[in-house]
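It should be emphasised that the depicted structure is a prediction, and the values quoted were computed from it without experimental measurement.
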Amino acid sequence: MKKTEFVKELSKRTGFTKSECEKILETFREIVQDTLCNGENVFIKGFLTFEVKNRKSRMGYNPITGKHEQFESVKTVNCKVGKTLKNAVKNF
């Protein structure tokens, strides 16, 4: 499902306009982003957990250059699926 399809379905289920639903979705994204940038996790029980993980520096292979090189440590976002959502998909 693409963003436009999601917004359309959200609008249909809630009765809000598409522009209101787009604003809600954009606000949700901003809140998650701001929270993660402040070093906090976002935990929505039974649904999703967003957290920042530090990936250590490592030796890796670059297929473009064909050489092994050192990759620096980076921060990345990890998203875990909650138990309720996991069970809903499993039993589908």
Can you sort out the partners of Thr17 under side-chain hydrogen bond (donor to acceptor under 3.5 Å, both in side chains), two or more places apart, ordered by chain and number?
Ser19, Glu20

Is there a path of hydrophobic side-chain contacts, each under 4.5 Å between heavy atoms of I, L, V, M, F, W or Y residues, that connects Leu25 with Leu36?
no

How would you list, by chain and number, every residue that makes a side-chain hydrogen bond (donor to acceptor under 3.5 Å, both in side chains) with Glu69, sequence neighbours excluded?
Asn62

Would you indicate whether Phe71, at its atom CZ, is surrounded by more than 12 heavy atoms from other residues, nucleotides or ligands within a distance under 6.0 Å?
yes

Remaining members of the apolar cluster that contains Ile64, side-chain heavy atoms under 4.5 Å
none

Residues 73-92, side-chain donor-acceptor partners within the protein, below 3.5 Å, at least two apart:
| from | atom 1 | to | atom 2 | distance (Å) |
| --- | --- | --- | --- | --- |
| Lys80 | NZ | Glu51 | OE2 | 3.3 |
| Asn87 | ND2 | Lys83 | O | 3.4 |
| Asn91 | ND2 | Asn87 | O | 3.1 |

Give the C-alpha distance, both sets of side-chain angles, the deciding distance and a yes or no for side chain to side chain contact (heavy atoms under 4.5 Å, CB included) between Phe50 and Asn41.
CA-CA 6 Å; Phe50 297 97; Asn41 295 337; over 6 Å; no

Distance-only criterion, 3.5 Å: show the donor-acceptor pairs between side-chain atoms of residues 3-14 and protein atoms not counting sequence neighbours.
| from | atom 1 | to | atom 2 | distance (Å) |
| --- | --- | --- | --- | --- |
| Glu5 | OE1 | Lys2 | N | 2.7 |
| Glu9 | OE2 | Arg13 | NE | 2.7 |
| Glu9 | OE2 | Arg13 | NH2 | 3.4 |
| Ser11 | OG | Phe16 | O | 2.6 |
| Thr14 | OG1 | Leu10 | O | 2.7 |
| Thr14 | OG1 | Phe16 | N | 3.2 |

Linking I/L/V/M/F/W/Y whenever any side-chain heavy atoms sit under 4.5 Å apart, do Ile31 and Ile24 land together?
no

For residues 27-43, which residue pairs pass the salt bridge (Lys or Arg N to Asp or Glu O under 4.0 Å) check, not counting sequence neighbours?
Glu26-Arg29

